[in-house]
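These notes concern the structure reproduced below.
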Amino acid sequence: MKNRLYYGDNLEILRNREYFPDECVDLIYLDPPFNSNRNYNVLFKSESGADSEAQITAFKDTWHWGETAEATYDELVVDAPHKVSTAIAALMDLIERNQMMAYLVMMTARLVELHRVLKPTGSLYLHCDPTASHYLKLILDTIFGAASFQNEIVWKRSSAHSDRSQGNVLHMGRIHDVILFYTRSDSATRNTVFTPHDPEYVRKFYNKVDEAGRKYRLDNLLGPGGASKGNPFYEVMGVWRHWRYSEERMKRLIEEGRVIQTKPGNVPMYKRYLDEMPGVSLQDVWTDINPLAGHAKERLGYPTQKPEALLERIIRASSNEGDVVLDPFCGCGTAIAAAHKLGRKWIGIDITHLSIALQKYRLQDMFELVSGADYAVIGEPATVDAARELARDSANEGRYQFEWWALSLLRAKPAGGSAGSRKGKKGADQGIDGIINFFDEDERGKKKPRRVVVQVKSGVVNSGQIRDLKGTVEREGAAIGVFITLEPPTQAMTREALAAGWYESRTWGAKYRRLQILTIGDLFDGAGVEMPPQHGTLTRAARWKRGDVSVDGESQRDLI
């Protein structure tokens with residue numbers, strides 16, 4: 001199987017049997033948009049209230065109730081398995097039509113498909129927060145069966161802080177996320193993962209050191225339950241007891257120096273070395289994986305980015321090398337990056353071209369993987385006609401999707417829009433859709449940051465737009481302006497661009513056209529911006545060297 005990225009609605013993609021036949025995936029991790037850092041009650045406001053809409057304006061992390069949610073609800077009631085239909089109808093009676101119910105309806109439809117594509121040996125990890133976790137657990141119990149529930153994992157995602165009170169209610173600090181862990185069957189892949197011992201535990205209990213400098217503790221040798229459990233009774237170092245081990249094995253331990261009597265008459269003890277202990281088997285409260293700090297090397301600027309160590313732990317615990325890992329809400333691609341590092345195959349799905357672009361950059365920067373050669377991207381335009389179709393898809397914010405996709409062909413950083421949102425920027429864009437940064441020398445020979453500004457047009461184009469771009473370049477003090485157009489430029493546009501002159505690079509001793517026009521067809525043919533080669537756009541992921549793992553992964557690598 002070739003690794004794949006899909007652009008589009010994950011429900012439609014998952015329902016495509018050519019893409020996803022039954023039981024084809026070994027591990028699913030999903031981190032769907034959910035209610036983070038927002039008023040709990042806002043999800044339960046009626047869709048009809050103007051006040052509700054005002055509160056919801058900035059809330060990008062959930063779906064609204066509308067035609068799509070209503071149609072999906074009807075479909076679940078009519079066509080879904082009986083238990084699922086019954087559960088979703090009951091939730092409607094309980095919650096009614098609001099943002100939370102829209103979220104649950106849309107998630108239920110997707111979870112039905114995810115259950116279908118999961119192998120009998122597979123596992124699913126659903127990342128959410130306490131706002132919706134209890135409802136999602138009911139849905140998962142219905143789809144997977146209550147017996148398939150394994151753990152409700154608590155991940156401490158933040159240090160202690162004081163949350164604001166809501167009305168007259170003062171709640172406690174909210175510092176954790178929930179990860180719901182389900183398996184498809186009892187035969188699910190299970191790898192024992194250990195975490196390091198707590199330093200305080202080591203200090204308190206492994207407080208003895210032998211002549212070789214090895215830390216150890218003294219442990220009990222007595223047989224639990226004594227005679228009632230059939231433990232052998234014999235004499236060791238003058239002490240008669242029911243022992244844990246046979247007399248033959250006890251003699252061998254004594255010969256190896258593993259049995260110590262602290263003084264005559266005392267019960268002998270077992271010498272347990274710290275370096276022989278694999279650690280603590282994985283528990284369901286994870287406080288040892290920190291969220292990404294603002295300065296973290298991993299951070300790519302994606303608003304809900306999770307640390308690679310978190311995904312490495314999940315992937316190690318519930319899959320083996322060569323298994324297929326699916327992330328149907330893959331965002332900036334952390335699950336995909338972790339899966340690739342650990343030798344798994346992977347599939348990612350996302351509904352924005354900006355997220356797909358971020359993943360392509362990440363895969364190239366970390367692993368030198370090239371889209372089309374090392375993995376497939378399905379759903380992106382491959383022809384000019386397909387690009388035109390994307391631009392005209394008004395129901396799916398086509399203008400912004402086209403803009404983000406076109407910018408990704410140049411690796412230009414979008415000047416507006418949120419990485420996790422399907423909506424573009426609001427208000428005037430000051431004539432800039434994207435930016436490419438680079439360094440050049442000033443007249444004194446010192447390194448100076450410079451930039452290329454990019455405009456993207458999917459409709460009718462004319463020479464006035466090139467004049468506007470020239471004005472933007474001058475106003476912004478940019479080195480170069482690039483005009484990406486879906487439609488062919490007119491001769492007047494070409495003349496305007498040529499008349500703008502040149503940008504001269506002191507560092508590279510070369511001249512570059514100050515205004516450059518690139519059509520989508522040109523970009524398909526391999527054309528790019530003529531500019532100094534040392535440049536940067538979006539935050540680059542650190543290059544990965546084989547064998548490198550995150551701090552948490554390093555601690556686990558030899559503990560499985």
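Any value given below was found using the heavy atoms of this structure, including those in side chains, with hydrogens, waters and symmetry copies removed.
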- Please assess Arg17 against Tyr19 for the test side-chain hydrogen bond (donor to acceptor under 3.5 Å, both in side chains), listing each intermediate value before the final yes or no. CA-CA 5 Å; Arg17 295 307 204 265; Tyr19 294 157; over 6 Å; no

- Task: Check the pair Tyr375, Trp346 against ring pair (Phe, Tyr, Trp, His ring centres under 6.0 Å), reporting the backbone distance first and the verdict last.
- Result: CA-CA 10 Å; Tyr375 61 94; Trp346 47 263; 5.6 Å; yes

- Under the side-chain hydrogen bond (donor to acceptor under 3.5 Å, both in side chains) criterion, do Arg450 and Asn437 qualify, and how do the steps go? CA-CA 6 Å; Arg450 304 303 304 267; Asn437 300 310; over 6 Å; no

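For Glu368, the salt bridge (charged side-chain N to carboxylate O under 4.0 Å, His left out) partners two or more places apart in sequence, or in a different chain, are Arg543. For Asn320, the side chain to side chain donor-acceptor pair (under 3.5 Å) criterion is met by Asn191, not counting sequence neighbours. Judged as a side chain to side chain donor-acceptor pair (under 3.5 Å), and not counting sequence neighbours, the contacts of Glu380 are Lys360. Taking the salt bridge (charged side-chain N to carboxylate O under 4.0 Å, His left out) definition, one finds that Glu152 meets it with nothing, sequence neighbours left out. Remark: His115 engages Phe144 in a ring pair (Phe, Tyr, Trp, His ring centres under 6.0 Å) (not counting sequence neighbours). Take Glu70 and apply the side chain to side chain donor-acceptor pair (under 3.5 Å) test, not counting sequence neighbours, and it matches Trp65, Arg97. Applying the ring pair (Phe, Tyr, Trp, His ring centres under 6.0 Å) rule to Phe367 yields the partners His340, Trp544; only residues at least two apart in sequence or on another chain are considered. Not counting sequence neighbours, the partners of Lys137 by the salt bridge (charged side-chain N to carboxylate O under 4.0 Å, His left out) test are Asp141. For Trp286, the ring pair (Phe, Tyr, Trp, His ring centres under 6.0 Å) criterion is met by no residue, not counting sequence neighbours. Residues satisfying the salt bridge (charged side-chain N to carboxylate O under 4.0 Å, His left out) test with Arg344, not counting sequence neighbours, are none.
Taking the side chain as every heavy atom from C-beta outward, Leu310 and His127 approach each other to under 4.5 Å. With a 4.5 Å cut-off on side-chain heavy atoms, Thr121 and Arg184 do not count as touching. A 4.5 Å side-chain heavy-atom check between Ile378 and Tyr7 finds every atom pair outside the cut-off. Looking only at side-chain heavy atoms (C-beta outward), Leu5 and Ile347 stay at 4.5 Å or farther from each other. By the 4.5 Å heavy-atom criterion applied to side chains, Val454 and Val529 are not counted as neighbours. A 4.5 Å side-chain heavy-atom check between Ile139 and Met107 finds every atom pair outside the cut-off. Contact check for Ile289 versus Arg157: no side-chain heavy atoms found under the 4.5 Å cut-off. For the pair Gln401 and Pro381, the minimum side-chain heavy-atom distance is 4.5 Å or more.
Within the structure, side-chain hydrogen bond (donor to acceptor under 3.5 Å, both in side chains) pairs that include any residue of residues 321-335 comprise Thr334-Arg362 (at least two apart or interchain).
Judged purely by distance below 3.5 Å, without hydrogens or angles, the side chains of Ser123 and Tyr182 never pair a donor atom with an acceptor atom.
The structure places CG of Leu91 at 9.5 Å from OH of Tyr73, a figure rounded to the nearest 0.5 Å. Rounding to the nearest 0.5 angstrom, the gap separating the OG atom in Ser319 from the CD1 atom in Ile28 is 12.0 Å. With rounding to the nearest 0.5 Å, the separation of CD1 in Ile435 from CD1 in Ile432 is 5.5 Å.
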Which pairs would a plain distance check flag for residues 480-487, meaning a side-chain donor or acceptor within less than 3.5 Å of a matching protein atom at least two apart in sequence or in another chain?
from: Thr485; atom 1: OG1; to: Glu487; atom 2: N; distance (Å): 3.1
from: Thr485; atom 1: OG1; to: Glu487; atom 2: O; distance (Å): 2.6
from: Glu487; atom 1: OE1; to: Arg388; atom 2: NH2; distance (Å): 3.3
from: Glu487; atom 1: OE2; to: Arg388; atom 2: NE; distance (Å): 3.1
from: Glu487; atom 1: OE2; to: Arg388; atom 2: NH2; distance (Å): 3.4

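Taking the six-membered ring wherever Trp is involved, the centroid distance between the rings of Tyr29 and Phe181 does not fall below 6.0 Å.
Among the candidates Leu27, Asp26, Val117, the single residue satisfying the side chain to side chain contact (heavy atoms under 4.5 Å, CB included) test with Val324 is Asp26.
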